[in-house]
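Below: the structure, in structure tokens.
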Amino acid sequence: MSRLKAVAERNPQAGFRAERRDCGASVPQGLLKAARKSGQLNLSGRNLSEVPQCVWRINVDIPEEANQNLSFSATERWWEQTDLTKLIISNNKLQSLTDDLRLLPALTVLDIHDNQLTSLPSAIRELENLQRLNVSHNKLKILPEEITNLRNLKGLYLQHNELTCIPEGFEQLFNLEDLDLSNNSLTTVPAGFSLSSLVRLNLSSNQLKSLPAEISGMKRLKHLDCNSNLLETIPPELAGMESLELLYLRRNKLRFLPEFPSCKLLKELHVGENQIEMLGAEHLKHLNSILVLDLRDNKLKSVPDEITLLQSLERLDLSNNDISSLPCSLGKLHLKFLALEGNPIRTIRREIINKGTQEVLKYLRSKIKDDGPNQSDSVIETAMTLPSESRVNVHAITTLKILDYSGKQTTLIPDDVFDAVKSNIITSINFSKNELCEIPKRIVELKEMVSDVNLSFNKLSFISLELCVLQKLTFLDLRNNFLSSLPEEMESLIRLQTINLSFNRFKILPEVLYHIPTLEAVLISNNQVGSVDPEKLKTMENLITLDLQNNDLLQIPPELGNCVNLRTLLLDGNPFRVPRAAILMKGTAAILEYLRDRIPT
């Protein structure tokens with residue numbers, strides 16, 4: 001309800017002046033009338049050199065239509081208009097805004113990007129409800145201190161201006177989640193610059209030579225972009241940012257790769273186009289979750305064997321360095337992309353490099369020193385299938401302890417594959433990307449040693465009891481099959497920590513999962529799951545990751561908020577209405593808190 005109603009009820013024309021009629025063609029009356037109903041006004045791309053008075057006074061003056069007809073129906077009571085909450089005046093020619101801005105105190109969104117503004121009025125401090133302010137692509141040289149009064153601000157976009165400094169007091173914006181200061185002329189970041197709610201910070205394309213240690217106080221920060229600056233070092237405190245997932249430090253002057261002992265969630269590290277000369281074990285040992293490592297255009301001369309510590313790594317860019325050889329252990333990684341061009345590599349023929357990532361990895365694996373059979377004995381061919389289908393790499397068995405027969409498109413695993421194990425210890429089985437309709441019965445022969453089984457991308461519609469006897473199993477990948485249930489006998493897998501059931505046909509979370517207390521991660525995205533039982537989930541005390549993305553969940557039970565051990569709860573792509581996307585974007589802690597607040601008392 002408009003704040004004008006009380007006055008209007010006493011006298012429909014008291015306390016107001018008639019709406020100015022000098023808006024002209026730039027702001028049609030129909031647009032203003034619609035804005036009074038919706039609370040939103042979009043004036044982008046209208047070639048405006050100033051904001052017409054009728055816009056600032058839209059909730060103050062008597063509208064034009066009121067003067068034309070003083071008898072109103074219930075649907076036409078102008079004094080019951082909606083206060084303007086969203087104003088978009090981007091892509092115009094505005095050089096300044098007046099203090100009349102204060103006449104729109106209900107604004108939650110103000111978008112004035114792509115104008116010619118050189119400053120903002122001090123009256124901006126009166127927009128106490130503002131949540132999103134976009135002033136990008138203007139000519140701002142300074143920000144008014146009053147901007148720090150906007151305590152409800154969640155998104156502030158100042159990229160592509162001419163800012164040379166950030167005003168003191170920015171830490172007062174304690175609700176700010178997204179801040180973009182890229183493409184300005186900043187030379188320093190103030191020491192007190194620590195925003196407790198910030199999730200995304202973009203400082204790229206400035207002239208920063210250092211970052212303040214206080215930046216580590218941003219405990220919720222997930223995305224930090226400092227590309228294209230003049231940074232020579234990174235404060236060691238940065239290593240304590242526990243929520244950090246994406247870190248961009250490209251095009252700086254770094255000579256050393258920082259260490260990240262507390263950044264357990266870091267998924268992408270981009271440090272290309274610097275002057276890094278060495279990569280050591282100390283730089284790699286904490287990057288447990290890293291998926292992307294960009295080291296292109298540096299001065300690296302070698303890659304350490306400890307690169308194999310990055311077990312989750314999918315993309316590694318080493319192009320344009322001074323690397324002459326690669327460790328054979330690199331072949332142990334399951335990389336999807338490896339860039340090597342621009343290096344003086346002498347140990348791998350150019351024709352192999354040109355064939356791409358998988359051929360390079362295959363070549364490196366073949367070079368791993370083998371304490372067992374000779375190179376000539378490392379391949380076994382079976383008589384029952386074509387030689388190209390049934391080649392068993394004994395090196396993988398003896399050195400990597402992996403029984404790998406993946407990507408053969410076969411409907412059964414030949415006996416020769418199991419025979420090749422002989423007396424060797426096998427810890428991992430990879431039978432993925434085949435046409436298996438059932439689990440090979442001879443898998444039970446490995447029950448005393450196997451901890452990791454990958455049966456993904458097959459045609460399994462049921463799980464046979466052979467799998468249930470693998471009592472040392474800790475990781476089980478069953479994604480992309482035709483499964484709709486799991487046998488209760490799986491509760492005998494007393495060491496299972498991670499199970500991947502994505503891209504199957506489950507309609508509920510399999511009951512047996514609630515009875516495997518060691519489970520830490522349940523990945524069941526892209527199924528048809530319609531409900532979850534929060535009380536049973538709460539009994540899974542070790543569960544820290546639950547991926548329910550892209551299912552058929554029509555509602556999320558508030559009691560799920562009591563599963564306080566969850567660190568990662570993924571719910572995107574379901575048809576439920578609440579929590580809304582804005583809550584989901586805030587992450588697991590915010591989702592659980594939101595759900596707890598909705599538990600009936």
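Predicted, not measured: the structure shown is a model, and the values here were computed from it. FYI, side chains are in, hydrogens and waters are out, and symmetry mates aren't considered; it's all heavy atoms of this structure.
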Checklist entry - Is there a side chain to side chain contact (heavy atoms under 4.5 Å, CB included) between Leu403 and Leu446 once you walk through the steps? => result CA-CA 10 Å; Leu403 184 59; Leu446 308 173; 4.0 Å; yes
Next on the checklist: Evaluate Thr568 against Leu546 for side chain to side chain contact (heavy atoms under 4.5 Å, CB included), listing each step before the verdict.
Outcome noted: CA-CA 6 Å; Thr568 303; Leu546 178 58; over 6 Å; no
Item to check | Verdict with supporting geometry, Lys299 and Asp322, salt bridge (Lys or Arg N to Asp or Glu O under 4.0 Å) | outcome: CA-CA 6 Å; Lys299 297 181 178 180; Asp322 297 325; over 6 Å; no
Next on the checklist: Determine whether Ile402 and Ile397 satisfy the following criterion, side chain to side chain contact (heavy atoms under 4.5 Å, CB included), listing intermediate values before the conclusion.
Outcome noted: CA-CA 5 Å; Ile402 297 174; Ile397 292 174; over 6 Å; no
Next on the checklist: Assess the residue pair Ser525 and Asn550 against the criterion (side chain to side chain donor-acceptor pair (under 3.5 Å)); give the C-alpha distance rounded to whole Å, side-chain angles, the decisive distance to 0.1 Å, and a yes or no.
Outcome noted: CA-CA 6 Å; Ser525 67; Asn550 301 314; 5.8 Å; no
Next on the checklist: The test is salt bridge (Lys or Arg N to Asp or Glu O under 4.0 Å); show your working for Asp225 and Arg250 and say whether it passes.
Outcome noted: CA-CA 9 Å; Asp225 190 341; Arg250 285 197 204 111; over 6 Å; no
Checklist entry - Yes or no on side chain to side chain contact (heavy atoms under 4.5 Å, CB included) for Leu247 and Leu266, after CA distance, side-chain angles and deciding distance? => result CA-CA 8 Å; Leu247 178 57; Leu266 193 63; 4.1 Å; yes
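Using a 4.5 Å heavy-atom threshold, the side chains of Arg220 and Ser197 count as touching. Using a 4.5 Å cut-off on side-chain heavy atoms (C-beta onward), Glu359 and Ile353 make no contact. Side-chain contact between Leu257 and Leu279 is present, with heavy atoms from C-beta onward closer than 4.5 Å. Counting heavy atoms from C-beta on, the side chains of Leu221 and Ser243 never come closer than 4.5 Å. Between Asn343 and Ser324 there is no side-chain heavy-atom pair separated by less than 4.5 Å. In this structure, Phe482 and Cys437 have side chains that are not in contact, with every pair of non-hydrogen atoms separated by 4.5 Å or more.
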Could you pull out all donor-acceptor pairs under 3.5 Å where a side-chain atom in residues 484-498 meets a protein atom, sequence neighbours excluded?
{"from": "Ser492", "atom 1": "OG", "to": "Cys468", "atom 2": "O", "distance (Å)": "2.7"}
{"from": "Ser492", "atom 1": "OG", "to": "Glu489", "atom 2": "O", "distance (Å)": "2.9"}

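Heavy-atom minimum distance, Ile556 versus Pro579: CG1-CD, 4.1 Å. Taking each heavy atom of Thr539 and Tyr514 in turn, the nearest pair found is OG1-O, 4.3 Å. The two residues Leu569 and Leu560 have their closest heavy-atom pair at CD2-CD2, 4.0 Å. Heavy-atom minimum distance, Asn527 versus Phe503: ND2-N, 3.7 Å. Taking every heavy atom of both residues into account, Leu265 and Glu242 meet most closely at CD1-O, 3.7 Å. The minimum heavy-atom distance linking Leu478 with Leu460 is given by the pair CD2-CD1, 4.3 Å.
Here the straight-line distance linking atom CD of Gln549 with atom CG of Leu523 works out to 10.0 Å at 0.5 Å rounding. Thr518 OG1 to Leu543 CG: the interatomic distance, rounded to the nearest 0.5 Å, is 10.5 Å. From Leu330, atom CG reaches atom OG of Ser325 across 11.0 Å, with rounding to the nearest 0.5 Å. With rounding to the nearest 0.5 Å, the separation of CG in Leu238 from OG in Ser216 is 7.5 Å. With values rounded to the nearest 0.5 angstrom, Ile499 atom CD1 is found 9.5 Å from Asp477 atom CG. For the atom pair CD1 of Ile524 and CG of Asp547, the computed distance is 9.5 Å after rounding to the nearest 0.5 Å.
Ring orientation note: the planes of His270 and Tyr248 are close to parallel, at an angle under 30° on the 30°/60° scale.
A salt bridge is defined here as a Lys NZ or Arg NE, NH1 or NH2 lying under 4.0 Å from an Asp or Glu carboxylate O, and Glu559 with Arg596 fails to meet this definition. One finds a salt bridge joining Glu435 and Lys459 here, because a Lys/Arg side-chain nitrogen approaches an Asp/Glu carboxylate oxygen to under 4.0 Å.
A donor-acceptor contact shorter than 3.5 Å is absent between the side chain of Asp180 and the backbone of Leu201. Checked by atom type and distance alone, the side chain of Asn551 pairs as donor or acceptor with a backbone atom of Gln528 at under 3.5 Å. Under a 3.5 Å cut-off, the side chain of Asn229 and the backbone N or O of Leu203 do form a donor-acceptor pair. Side-chain N or O atoms of Thr474 include one that pairs as donor or acceptor with a backbone N or O of Ser451 at under 3.5 Å. Asp533 contributes a side-chain N or O that, together with a main-chain N or O of Glu535, makes up a donor-acceptor pair within less than 3.5 Å. The main-chain N or O of Lys264 is found under 3.5 Å from a side-chain atom of Ser289 such that the two form a donor-acceptor pair. Looking at Glu273, its side chain never comes within 3.5 Å of a backbone N or O of Asn227 through a donor-acceptor pair. For the pair Asn434 (side chain) and Gln409 (backbone), a donor-acceptor distance under 3.5 Å is present. When atom types are taken as modelled, the side chain of Asn298 and the backbone of Asn274 share a donor-acceptor pair closer than 3.5 angstrom. Without hydrogens or angle criteria, Asn542 side chain to Pro517 main chain gives a donor-acceptor distance under 3.5 Å.
Under the 6.0 Å distance and 45° angle rule, Arg479 does not count as a cation-pi partner of Phe457.
Residue-environment remark: NZ (Lys219) exceeds the threshold of 12 foreign heavy atoms within 6.0 Å. The neighbour count for Gln555 CD, taken as heavy atoms of other residues, nucleotides or ligands under 6.0 Å away, does not exceed 12. Counting non-hydrogen atoms of neighbouring residues, nucleotides and ligands closer than 6.0 angstrom, the CE atom of Met449 exceeds 12 such neighbours. Under a cut-off of 6.0 angstrom, the local environment of CZ in Arg442 is crowded, with over 12 non-hydrogen atoms contributed by other residues, nucleotides or ligands. The number of heavy-atom neighbours closer than 6.0 Å to NZ of Lys267, taken from other residues, nucleotides and ligands shown, is above 12.
Pairs engaging residues 325-353 under the salt bridge (charged side-chain N to carboxylate O under 4.0 Å, His left out) rule: Glu314-Lys336, Arg349-Glu351 [sequence neighbours left out].
Using a 3.5 Å distance cut-off with no hydrogens or angles, the side chains of Ser204 and Ser228 do not pair a donor with an acceptor. Side chains of Asn480 and Ser456: a donor-acceptor N/O pair is absent below 3.5 angstrom, by distance only.
None of Lys586, Lys222, Arg200 except one satisfies the salt bridge (Lys or Arg N to Asp or Glu O under 4.0 Å) rule with Glu177; the exception is Lys586.
For Asn565, the side-chain hydrogen bond (donor to acceptor under 3.5 Å, both in side chains) test picks out no residue, with sequence neighbours left out.
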